[in-house]
Amino acid sequence: MPVAMKQKIIDVCDKKIAAKGTNVGLSFYAFFANKNDDPELLMEVATWWIMTHKLDHFEKAVKIKQMIQQDLY
């Protein structure tokens, strides 16, 4: 997954956590606009979420942020 996408995921998680608290959940769709303008990237994130990590449809934003941060470093 591109570093720019990982950073976007972290940013979205930070915003959701700031707005709704540490218990907020989200799906991988939260990282994309409502139009499908980059299907390859959407599938890459979906594969990371569903196939690689076997995550539920909704997961805690703090968990996703932590997982992505571990992939960055």
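Follow the hydrophobic side-chain contacts under 4.5 Å out from Ile9 and you never reach Met43; the two are in separate clusters. Residues Ile50 and Met5 are members of one and the same hydrophobic cluster, defined by side-chain heavy-atom contacts under 4.5 angstrom among Ile, Leu, Val, Met, Phe, Trp and Tyr.
Taking SG from Cys13 and CE from Met67, the interatomic distance works out to 11.0 Å, rounded to the nearest 0.5 Å. The CG atom of Leu55 sits 11.0 Å away from the OG atom of Ser27 when rounded to the nearest 0.5 Å. One distance of note links OG1 of Thr47 with CE of Met1; it measures 9.5 Å at 0.5 Å rounding. We find the NZ-NZ distance between Lys60 and Lys16 to be 14.0 Å, quoted to the nearest 0.5 Å. With rounding to the nearest 0.5 Å, the separation of CD1 in Ile10 from CD1 in Ile68 is 6.5 Å.
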Go through it in stages, so that I can follow the logic: the residues are Val12 and Lys65, the test is side-chain contact (heavy atoms from CB on, under 4.5 Å), and I'd like the CA-CA distance, side-chain angles, deciding distance and then a yes or no. CA-CA 9 Å; Val12 169; Lys65 179 181 173 182; over 6 Å; no

Please evaluate residues Glu59 and Trp49 with respect to the criterion side-chain contact (heavy atoms from CB on, under 4.5 Å), reporting the C-alpha separation (whole Å), side-chain torsions for both, the decisive distance (0.1 Å), and the verdict. CA-CA 10 Å; Glu59 291 287 347; Trp49 189 285; 3.9 Å; yes

Under the side-chain contact (heavy atoms from CB on, under 4.5 Å) rule, what do Val24 and Ile17 come out as? Steps first, then yes or no, please. CA-CA 6 Å; Val24 67; Ile17 293 165; 4.2 Å; yes

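Distance alone, capped at 3.5 Å, is enough to place a donor-acceptor pair between the Asp38 side chain and the Leu41 backbone. Side chain of Lys8 to main chain of Phe31: a donor-acceptor pair is present (N/O by atom type, distance under 3.5 Å, no hydrogens or angles).
At a threshold of 4.5 Å between non-hydrogen side-chain atoms, the residues Tyr29 and Asn34 do not count as touching.
Between Phe28 and His57, the ring-plane angle classifies as perpendicular under the 30° and 60° cut-offs.
Pairing each heavy atom of Thr22 with each of Val62, the nearest pair is O-CG2, 3.9 Å.
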